[in-house]
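Read through the structure below, which is laid out as structure tokens, and then see the notes.
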Amino acid sequence: MSKIIKLSEKLSTINFYSPQQEYDLYRASFLRSELGGIYQSIPWQELIKSFKLKPCQVGRKSLFDNRGRLALMILKAYTSLSDRKLIEQLNTNIDYQLFCGILLSPGERLVDFKIVSKIRTQLGKKLDIKASQKVLAKAWKPYMEDTHTMLTDATCYESLLRYPTNVKLLWECVDWNYSQLKLLCKGLHVRMPRSKYLEQRDRYYQYQRKRKKLRKETKKRQRSLLYLLNKLNGLLDEYENQYHDRIELPVKYYQKRKVVRKVYRQQKQIFETGKSLPDRVVSISKSYIRPIVRGKETKKVEFGAKVNMIQVDGINFIENLSFHAFHEGNRLISSIWLSRLLFGKTTHISADAIYATNKNRKYCTSRYITTNFSRKGRAGKHEQHRKAISKELNKERATRMEGSFGTEKEHYGLRSIKARTQLNEILWIFFGVHTANTVRIAKKVQARELGQNAA
């Protein structure tokens, strides 16, 4: 009996918090974490305006509001998780829920992991990189130093794509055409026309299993697949014209048919001439991707988006993003203009040797901008001073900027971009780059607050 009395006395001393008090405690703990620092370093309202997002007033209310949608994309880049695992973590991690502006009850769980890709598609159509970066730069500028110094370089963020060969690409086109032909015949209740598809399929698999593929065998596969692809294209055209009044095909079907025809024309020209083409399609599912020759030792050709980046005080901003190859040396003047637009006057520039064209040298000299370019002609009066500045600028670009590219690729989901459309890939890159920036800004804010408290 005495034990029961002591237990009741202990229970009477325990403080029971109200739901609002518990929420305030959780939120205070969240704001002290690294994720909370990221949350506080983002100008949410201005960023929402740059995306031109409006609250949904029709239909069922969404669990994620406009801020929650942007937060979910940042959380996706911050964790580098798949969509399914991100939703699983969101169900159990209260910090992630507070970051996205939601709070699930004990028995409530999110089941539809596809909501992440749906939100990504919605935001991808509304992204304006220039406007959004202007908003972020304005919010972060008070915490940045040396805004007059700009570093610039280009990198490639690769898409998730099998290494394309001519035989693989031709087989993908043949396989897609054959599957569409089967669906058409099934829907129209007509007999499937004869073709050598099954025979070519077995030969293709035998060819792919070989470790060493001879040039003669490769040519033979290309010739056979080109013939079969041309035949299937003709059959599909015939059925479309003959039964146009009985079938209604989606827009995506005609878009892919257009891509397949283009692949056939290009591959036929490559087969006949033996020379590659500058605008060669490498994937029928991602027809916007082009091979980008980088000339590196480990990877000479990359497949994805090429980005010309500027860096100011360790913070990266996208100057130009394209899925086609471009000469980054021609982007220096526009990079300077972007730096001036975001941070004002630019006095020092560090760039790779490819940027050191005569046009860029003249432009920088006329604007009194100090560069790290190798000197042309005779040494000037202050040669030692120029060499010292150039050495420091080279060191910053080679370590800080190149290192930031590696950090983004390894820790923020930019090593292999798994988005399936062009707009979604651009959005993926944007949030990957600026999530890394928010982490750096949060550390700068924390360091400044610690310095003020110490003083």
Side-chain angles (χ1 to χ4, degrees), residues 77 127-134 136-137 140 147-159 278-279 288-296 299-343 346 348-364 367 369 371-373 393-394 396-409 412 414-415 417 422-423 425-437 440:
L127 173 63
D128 184 350
I129 293 178
K130 186 177 180 181
S132 299
Q133 290 191 149
K134 195 173 181 180
L136 294 173
W140 294 340
T147 55
H148 60 278
T149 302
M150 182 197 79
L151 317 179
T152 183
D153 202 355
T155 188
C156 184
Y157 297 109
E158 289 196 88
S159 300
D279 192 37
Y288 52 89
I289 292 177
R290 297 291 181 270
I292 297 175
V293 179
R294 300 283 288 159
K296 296 183 178 180
K299 194 176 288 185
K300 293 184 178 180
V301 182
E302 293 175 315
F303 303 93
K306 186 175 181 179
V307 181
N308 188 55
M309 201 85 73
I310 69 167
Q311 186 181 94
V312 178
D313 194 33
I315 307 302
N316 292 336
F317 293 91
I318 298 168
E319 188 276 321
N320 185 47
L321 187 153
S322 176
F323 289 94
H324 290 74
F326 62 87
H327 192 292
E328 58 263 36
N330 298 331
R331 307 294 310 178
L332 183 66
I333 296 174
S334 56
S335 299
I336 295 170
W337 277 105
L338 177 61
S339 179
R340 286 175 174 172
L341 175 69
L342 299 178
F343 299 104
T346 300
H348 292 76
I349 288 175
S350 179
D352 203 355
I354 197 171
Y355 291 86
T357 61
N358 287 337
K359 182 180 178 181
N360 291 338
R361 288 173 184 270
K362 288 178 182 177
Y363 182 87
C364 293
R367 267 66 176 182
I369 298 173
T371 67
N372 66 326
F373 299 154
L393 290 173
N394 277 325
E396 280 287 300
R397 188 198 61 79
T399 56
R400 200 172 190 181
M401 191 166 194
E402 294 282 356
S404 69
F405 292 159
T407 301
E408 290 163 4
K409 290 178 182 180
Y412 296 96
L414 296 180
R415 168 62 64 186
I417 298 170
Q422 185 173 357
L423 294 177
E425 282 208 37
I426 294 171
L427 185 84
W428 191 302
I429 293 168
F430 174 83
F431 277 107
V433 169
H434 289 294
T435 300
N437 287 337
R440 299 181 189 114

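When reading the values below, keep in mind they use all heavy atoms of this one structure, side chains included, and skip hydrogens, waters and symmetry mates. Position 1 is the first residue of the sequence; numbering continues from there.
- Residues Cys364 and Ile349 have side chains in contact (heavy-atom distance under 4.5 Å, counting atoms from C-beta outward).
- Note: Ile315 CD1 to Thr147 OG1 = 12.0 Å, rounded to the nearest 0.5 Å.
- For Arg415, the side chain to side chain contact (heavy atoms under 4.5 Å, CB included) criterion is met by Lys409, Glu410, not counting sequence neighbours.
- Here His148 pairs with His348 under the ring-ring contact (aromatic ring centres under 6.0 Å, His included) rule; sequence neighbours left out.
- For Asp153, the side chain to side chain donor-acceptor pair (under 3.5 Å) partners are Arg397, not counting sequence neighbours.
- In this structure Thr152 satisfies the side chain to side chain donor-acceptor pair (under 3.5 Å) test with no other residue, sequence neighbours excluded.
- Judged purely by atom type and a 3.5 angstrom limit, Asn360 uses its side chain to pair as donor or acceptor with the backbone of Gly329.
- Ser335 and Ile310 get closest at one heavy-atom pair: CB-CG2, 3.6 Å.
- Lys306 is linked by a salt bridge (charged side-chain N to carboxylate O under 4.0 Å, His left out) to Glu328, counting only residues two or more places apart in sequence or in another chain.
- Under the ring-ring contact (aromatic ring centres under 6.0 Å, His included) criterion, Phe343 pairs with Phe317, sequence neighbours left out.
- What you find for Thr357 and Ile354 is that their closest heavy atoms are CG2-O, 4.0 Å.
- Under the side chain to side chain contact (heavy atoms under 4.5 Å, CB included) criterion, Lys134 pairs with Leu341, Leu342, sequence neighbours left out.
- A search for ring-ring contact (aromatic ring centres under 6.0 Å, His included) contacts involving Phe323 returns Tyr288, not counting sequence neighbours.
- At least one side-chain heavy atom of Ile426 sits less than 4.5 Å from a side-chain heavy atom of Leu127.
- Shown here are the side chain to side chain contact (heavy atoms under 4.5 Å, CB included) partners of Ala131, two or more places apart in sequence or in another chain: Ser50, Asp128.
- Across every non-hydrogen atom of Glu302 and Cys156, the tightest pair is OE1-CB, 3.1 Å.
- Listed by chain and residue number, nothing satisfies the salt bridge (charged side-chain N to carboxylate O under 4.0 Å, His left out) test with Arg361 (two or more places apart in sequence, or in another chain).
- Counting all heavy atoms, side chain and backbone alike, Ala305 lies closest to Ile429 at CB-CD1, 3.6 Å.
- Checked by atom type and distance alone, the side chain of Gln133 pairs as donor or acceptor with a backbone atom of Ile318 at under 3.5 Å.
- Using a 4.5 Å heavy-atom threshold, the side chains of Ile333 and Lys359 count as touching.
- Applying side chain to side chain donor-acceptor pair (under 3.5 Å) to Asn308 and the options His327, Glu319, Arg331 leaves one that passes, Glu319.
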> Between Met309 and Met401, is a side-chain contact (heavy atoms from CB on, under 4.5 Å) present by the stated rule, with each step listed?
Replying inline: CA-CA 9 Å; Met309 201 85 73; Met401 191 166 194; 4.0 Å; yes

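- Side-chain contact annotation: Tyr157 with Glu425, donor-acceptor N/O pair under 3.5 Å absent.
- Of all non-hydrogen atoms in Arg440 and Gly314, the two that sit nearest each other are CD-O, 3.3 Å.
- From Glu158, atom CD reaches atom CD1 of Ile289 across 9.5 Å, with rounding to the nearest 0.5 Å.
- No side-chain heavy atom of Phe431 sits less than 4.5 Å from a side-chain heavy atom of Tyr412.
- A distance of 6.0 Å separates CZ in Phe405 from CG in Asn316, rounded to the nearest 0.5 Å.
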> Going through the checks in order, is the side-chain contact (heavy atoms from CB on, under 4.5 Å) test met by Glu396 and Thr149?
Replying inline: CA-CA 10 Å; Glu396 280 287 300; Thr149 302; over 6 Å; no

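- Here the shortest heavy-atom pairing between Ile336 and Thr346 reads O-OG1, 4.4 Å.
- In this view, Asn394 and Asn372, Ser390 satisfy the side chain to side chain contact (heavy atoms under 4.5 Å, CB included) rule, not counting sequence neighbours.
- For Asp352, the salt bridge (charged side-chain N to carboxylate O under 4.0 Å, His left out) criterion is met by no residue, not counting sequence neighbours.
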